[in-house]
Amino acid sequence: MKNYIKADEWNIIEEGFDPHLNKISESIFSLGNGRMGQRANFEETYTGETLLGNYVAGVYYPDKTRVGWWKNGYPEYFAKVLNAANWVGIEVKIDDEILDLATAEVSDFKRVLNMQAGYLERTFSARLKSGKTLKVKSTRFCSIADDEVGAICYSITPLNFEGKLTLMPFIDGDVKNQDSNYDEKFWDKVTDEISGTEAYIKLRTKKTEFEVCTGSNIELYKNGEKLDFNPEAVRKEKFVGQTFSVDVKANEEITLVKIAANLSSENYPKEALLKDTKSVIAKASAKGFDTLLKEQSDAWAAKWEESDIIIEGDVSAQQAIRFNIFQLFQTYTGKDDRLNIGPKGFTGEKYGGSTYWDTEAYCVPFYLATAPQEVSKNLLVYRHKQLGKAIENAEKLGFKHGAALYPMVTMNGEECHNEWEITFEEIHRNGAIAFAIFNYIRYTGDESYLSDFGLEVLIGIARFWKQRVNWSNDKQQYVMLGVTGPNEYENNVNNNWYTNILATWCLKYATEAAEIVKTQQPEKYNHLLKSLNFDQQEFTDWADIIEKMYYPQDEKLGIFLQQDGYLDKEQILVKDLPASERPINQKWSWDRILRSCFIKQADVLQGLYFFEEDYDLDTLKRNFDFYEPRTVHESSLSPCVHSILAAKLNDEARAYEFYLRTARLDLDDYNNDTEDGLHITSMAGTWMSVVEGFAGMRVRDGKLHFNPFLPDKWKSFSFTIGFRGATLKINITENSINIKNNAGVDLEIGVRNQFFNLAGNAEINVNNAALV
Ligand code: BGC
């Protein structure tokens, strides 16, 4: 746990340069715009510890799987989001000395991530070995207004010398992934071009043959006056740059503006990439840095208008929640249904940047409420597009007749996870994909999604569950053997309660969805069922499983059992584990973890969260009180679910405690792993803790409900959401809840089970006391 980020409502601030924290800060101060992103690597040379990271969405490399004992059904490769060309580089030389913060004496170092306007600013002074001292200010951003464009404004002021300043802005494609399995480089050069102030390099990925053209144009200023200059081309292996020198005196400010663009063959024909990159650069250069920055801050202002959470009375909580929202929007903007949300977004290599069940279980609720409907719909359509691959994936494992098993980890729909206990067994991910369809329709009311895309996916998933269960003669019930639940600290268990209820829920929901489409769109329905070779008997088979499924439980304790035999384990509580033995995934052998009762993340409780309407509060309480004390929360996805459930149980103190564990997870490097990248998907969980936890927001029967409480430390909190055409601002204080409807749509809203009419452009104010 670290505590070096200064509290501020809108900015993330680091003061002073500590090389030991540099990789952590590179993650925290990352920039992105949904289409590309980068870690906060320095523009100038840095020979200290760093993880170079520039990423282009949708461009990946199938790194050959490395595994000790090959098992049939394993995927051949693990897809990796590639470290792409570094376009931020600017080498700075004063006479013959290179500016390098690893060797210079650094003072007044300050890094600020301005979340309100979406840019990163860095200022410092550096004293070189020669004693020459200079001041630097750099401002840069990845534009969300034009997501192929990024820009840097880099100013240098000599403080105590006059001399020759030589700059070399460059684009370096000779990069590799730190997590490359065979230490290979993944890019080949196709072509390059350097002409005057412009430089371009087009690279192609090995095997996948994606092409990305990265270009830049530079401008030079002295004390704000534009200079004419004739840079000299620098060309190396997969590297293009320009170099030039300027004579400078003390206190003269030299500014280099670098406007860059990244275009990929995912969006342009390969042969046109260079030409199109040139036009994007020309257009952005014509606007100039200041206009691009203004467009950026306007675009961010519009995003905040739809999604901000304001916390009064706790600056550190305010900073944290905005940081989470900011990073989520930097990662995914929802414009492209081929893209998704990697657990580390554009901030690091871990997890390969691919799609996990995190998207459906955690991120969809966030985007549903804070972005136009299209955004969460695109996340769903992404899976619809990959249905064919999910069917192929299931076929590889021996399933048939259109059964679909979505991958645990994927880039293009193919599975790339290769630990058998997860690849083959952590099949609950399939259910989360069905649940997201339900959640989307519950929130938006857009039932047409079912006939257009959803039903086909639900049938594929239902067919999988039908074949995955088996009839137990002994129990005279259906069972599901050999699975891994969300709690990955158990493998190959029988009858994981969560997976079993999820499977039957999927069968029920697929049946209901079919009924809806049949009634609303009979022609489409008949056409779809025919194309899927659907036999009506399938409904009967599903109904049989729904009726006769086995769910493990313990009558005496009145709890659902995480899996068969869970109570045979030695029952120890996390509070009795010595701190020196935690986290157990770093301190214990895998064998010991598997035999222990300790739970990595919500498992039974994940089910009680998804299907809360099916269980009463006493049942929730018994299960919560039993499982939470056995949970080590060693996945960042864990605390948020517990926070929401604790809030539901009116345990406000614990709801807040769990919230704190995710809210500043990365800002305070809580788990000592922020240097690998940020926990992007769990950030959505933090948002859920506030909105579903503290504000108790739910959608039932097409209506919004709130059941709020105010954490003790806060004076009030408010948040903005979009709901069925309305834009609502909800403000919660100790005594009241105020809901403003900023659109012309009338709504009926529930507050603690009482209903209120909220007309368009009106507001309601409900006094807490009146309701209790
Ligand atoms: C969690 C999974 C999650 C993955 C990616 C793992 O540690 O156990 O539930 O999908 O991280 O975030």
Side-chain angles (χ1 to χ4, degrees), residues 27 78-81 179 324 327-328 331-332 340-366 379 383 405-411 415-433 435-436 483-493 496 498-499 502 562 582-586 588 590 593-594 598-607 609-610 627 631-642 661-662 665-666 670-674 676-688:
S27 301
F78 189 85
K80 294 201 161 128
V81 163
D179 67 354
N324 289 302
Q327 291 295 353
L328 282 160
T331 308
Y332 185 74
N340 211 282
I341 306 154
K344 300 258 167 246
F346 298 116
T347 70
E349 297 173 0
K350 216 171 161 205
Y351 293 108
S354 317
T355 311
Y356 284 66
W357 74 300
D358 306 27
T359 294
E360 285 77 16
Y362 297 88
C363 300
V364 163
F366 168 79
L379 286 173
R383 295 290 194 176
L405 175 60
Y406 279 92
M408 185 67 190
V409 183
T410 194
M411 264 305 168
E415 176 65 89
C416 26
H417 200 288
N418 55 37
E419 288 166 285
W420 65 269
E421 63 277 24
I422 292 181
T423 314
F424 306 141
E425 297 202 332
E426 204 173 334
I427 49 179
H428 68 83
R429 74 240 182 186
N430 233 23
I433 290 161
F435 188 79
V483 304
T484 296
N487 169 20
E488 292 174 343
Y489 290 176
E490 302 275 358
N491 298 152
N492 204 38
V493 300
N496 169 260
Y498 172 69
T499 310
L502 193 59
Q562 189 179 266
R582 296 183 63 193
I584 59 171
N585 67 16
Q586 285 169 22
W588 284 13
W590 192 242
I593 290 178
L594 289 180
F598 294 120
I599 301 169
K600 183 182 183 189
Q601 67 201 88
D603 192 299
V604 166
L605 297 181
Q606 182 76 36
Y609 163 67
F610 272 175
Y627 284 110
T631 304
V632 284
H633 302 289
E634 287 178 13
S635 159
S636 63
L637 300 175
S638 187
C640 62
V641 174
H642 290 82
R661 287 167 83 151
T662 44
L665 180 74
D666 288 313
Y670 207 92
N671 287 347
N672 261 329
D673 61 358
T674 301
D676 296 335
L678 304 175
H679 298 83
I680 298 292
T681 48
S682 89
M683 291 181 170
T686 309
W687 177 92
M688 281 155 63

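Just so you know, ligand 1 is whichever comes first in the structure, and atom 1 is the first atom listed for that ligand.
- Protein heavy atom closest to atom 7 (O) of ligand 1, with residue, atom name and distance, is Lys600 NZ, 2.8 Å.
- Contact atoms of ligand 1 toward Trp357: 2 (C), 3 (C), 9 (O), 10 (O) (distance under 4.0 Å to a heavy atom of the residue).
- The closest donor-acceptor contact from the side chain of Glu634 to the backbone of Ile584 lies under 3.5 Å.
- Note: no N/O pair closer than 3.5 Å links Glu426 and ligand 1 by distance alone.
- Closest to atom 8 (O) of ligand 1 among all protein heavy atoms lies Gln601 OE1, 2.5 Å.
- Distance from atom 11 (O) of ligand 1 to its nearest protein heavy atom, with residue and atom name: Tyr351 OH, 3.6 Å.
- Protein heavy atom in closest approach to atom 3 (C) of ligand 1: Asp358 OD1, 3.5 Å.
- Nearest heavy-atom pair across Glu349 and Asp179 is OE1-N, 2.8 Å.
- In the vicinity of Leu637, heavy-atom distances shorter than 4.0 Å reach the ligand 1 atoms 3 (C), 9 (O).
- Using a distance-only test at 3.5 Å, with no hydrogens or angles considered, no donor-acceptor pair links the side chain of Asp358 to the main chain of Pro343.
- Between Phe610 and Phe435, the ring planes lie parallel to each other; the angle is under 30°, not in the 30° to 60° tilted range.
- Looking at Glu415, its side chain does come within 3.5 Å of a backbone N or O of Val409 through a donor-acceptor pair.
- Using a 4.0 Å cut-off between charged nitrogen and carboxylate oxygen, Glu360 and Arg383 count as a salt-bridge pair.
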